[in-house]
There are 2 protein chains.
Amino acid sequence: MGEPKWLTERELRVWEDFLAVSAKLDRRLEQQLKDEAGMSHAQYEVLVRLGRAPGGELRMTELADAALTSKSGLTYQVTQLEKAGLVRRRSCETDVRGVIASLTDEGREKLREAAPAHVTLVRELFIDGLPATQFAGLAAALSILSARLRHEADAGPAAASGSGQMADQLES
Amino acid sequence: MGEPKWLTERELRVWEDFLAVSAKLDRRLEQQLKDEAGMSHAQYEVLVRLGRAPGGELRMTELADAALTSKSGLTYQVTQLEKAGLVRRRSCETDVRGVIASLTDEGREKLREAAPAHVTLVRELFIDGLPATQFAGLAAALSILSARLRHEADAGPAAASGSGQMADQLES
DNA sequence: AGCGTGTGGTTCAAACTAGAATGAAGTGCT
DNA sequence: AGCACTTCATTCTAGTTTGAACCACACGCT
């Protein structure tokens with residue numbers, strides 16, 4: 001790893017813009033949810049994924065994956081949400097080890113209550129304000145990156161051992 | 001706030017892709033820096049901003065701003081970095097209250113040492129793999145969002161008091 | 001059945017985070 | 001000069017994060 005390919009000025013700007021946007025967006029959303037709904041973004045995210053799942057139920061591991069948090073992180077959040085009465089734990093019939101997180105009625109209600117302001121802010125900060133062309137560009141780029149990172153997750157450090165290209169799906 | 005403008009399916013996908021990309025990228029970089037350089041991404045970011053500043057020095061507030069962390073967060077990180085000998089604090093001549101964080105030679109060396117692997121990973125995960133067109137779209141979008149959030153920071157809750165539109169720059 | 005390996009979830013310890021409160025010192029106005 | 005107001009950085013507190021260690025169970029193989 002003597003001399004890597006450094007970033008061009010442009011690439012650097014894009015990367016730092018990404019970091020800045022991500023950080024500031026996170027903070028604004030966090031703050032708003034805390035103020036108006038008394039919950040963290042992480043918790044909101046858990047409720048959303050549960051709300052979307054059939055029956056409002058999901059296995060812990062699946063939920064952790066969907067809500068972009070670690071397993072231990074999810075255990076913590078679900079415990080908090082359970083204390084607040086928004087989520088219940090029940091055990092899985094087909095696998096004794098399994099735990100199923102289940103959205104309560106209060107949880108669903110709370111979600112319904114918190115969503116409008118949240119969505120409005122996401123719209124204001126992220127969606128509106130981008131001309132259609134740029135939005136389309138952003139959409140395309142994020143879709144690729146998201147897919148890429150989803151698969152990287154398994155193979156992870158495998159890239160270090162030679163491949164790391166995956167150019168196949170790009171050349172189409 | 002009865003019924004907000006909900007997100008279309010497409011908008012939702014983009015937003016969630018953004019969250020996913022951001023989260024996964026963060027985790028990968030965090031992990032790599034910890035493994036290979038023994039520092040957190042936050043600390044790395046502080047070193048980078050200092051390294052780029054004239055004389056390797058910056059006022060705490062400016063640094064906090066640049067490194068995307070809160071003031072108290074920066075105080076903590078600088079203390080850590082100081083313990084590690086990578087940064088020094090000195091007081092500001094023109095303002096007694098002021099504190100200037102200054103990159104030490106060891107700090108600069110450490111940065112030089114950590115940067116290649118970090119940059120390579122950023123390249124691998126974020127830059128390469130995006131066709132030129134999509135990269136350009138991403139760049140344009142992030143540039144707009146970044147600028148927007150930079151200014152929002154001051155006006156912040158001002159949006160709540162009536163305006164909140166800023167539609168002027170949309171209709172063009 | 002018995003054994004080794006993998007998986008699901010929690011617990012634990014340690015680090016990090018942000019905001020509120022604090023104290024000291026600038027700034028502007030009369 | 002005196003006073004109110006803002007700014008700079010730190011301290012404090014409480015909450016949150018993560019990976020590692022852990023236990024109990026599932027699964028595959030012989």
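Any value given below was found using the heavy atoms of this structure, including those in side chains, with hydrogens, waters and symmetry copies removed. Just so we're clear, the structure is a prediction, and the values are computed from it rather than from any experiment. A, B, ... follow the sequence lines: proteins, then strands. Residue 1 opens every chain.
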- Query: Under 4.0 Å between a side-chain N/O of Gln77(A) and OP1 or OP2 of dT16(D), yes or no?
  - Reply: no

- Within less than 4.0 Å of OP1 or OP2 of dT10(C), is there a side-chain N or O belonging to Thr79(A)? no

Give one of base, sugar-phosphate or nothing for [X], where a contact means two heavy atoms less than 4.0 Å apart.
{"X": "Thr69(A)", "answer": "sugar-phosphate"}
{"X": "Gly98(A)", "answer": "sugar-phosphate"}
{"X": "Ser40(A)", "answer": "nothing"}
{"X": "Ala64(B)", "answer": "nothing"}

- Straight-line distance of Gln77(A) CD to Leu47(A) CG, nearest 0.5 Å: 10.0 Å

- Item | Electrostatic pair Lys110(A):Glu106(A) at N-O distance under 4.0 angstrom | no

- Please report the closest heavy-atom contact between Arg108(A) and Gly56(A), naming both atoms and the distance. NH2-CA, 3.7 Å

- Main-chain N/O of Leu81(B) paired with Gln43(B) side-chain donor or acceptor, under 3.5 Å: no

- Assign each of Gln43(A) and Val96(A) to its nearest nucleotide of DNA chain D by heavy atoms, then name whichever residue's nucleotide is nearer the 5' end. Gln43(A)

- Donor/acceptor link under 3.5 angstrom from Ser72(B) side chain onto base of dA18(C): yes

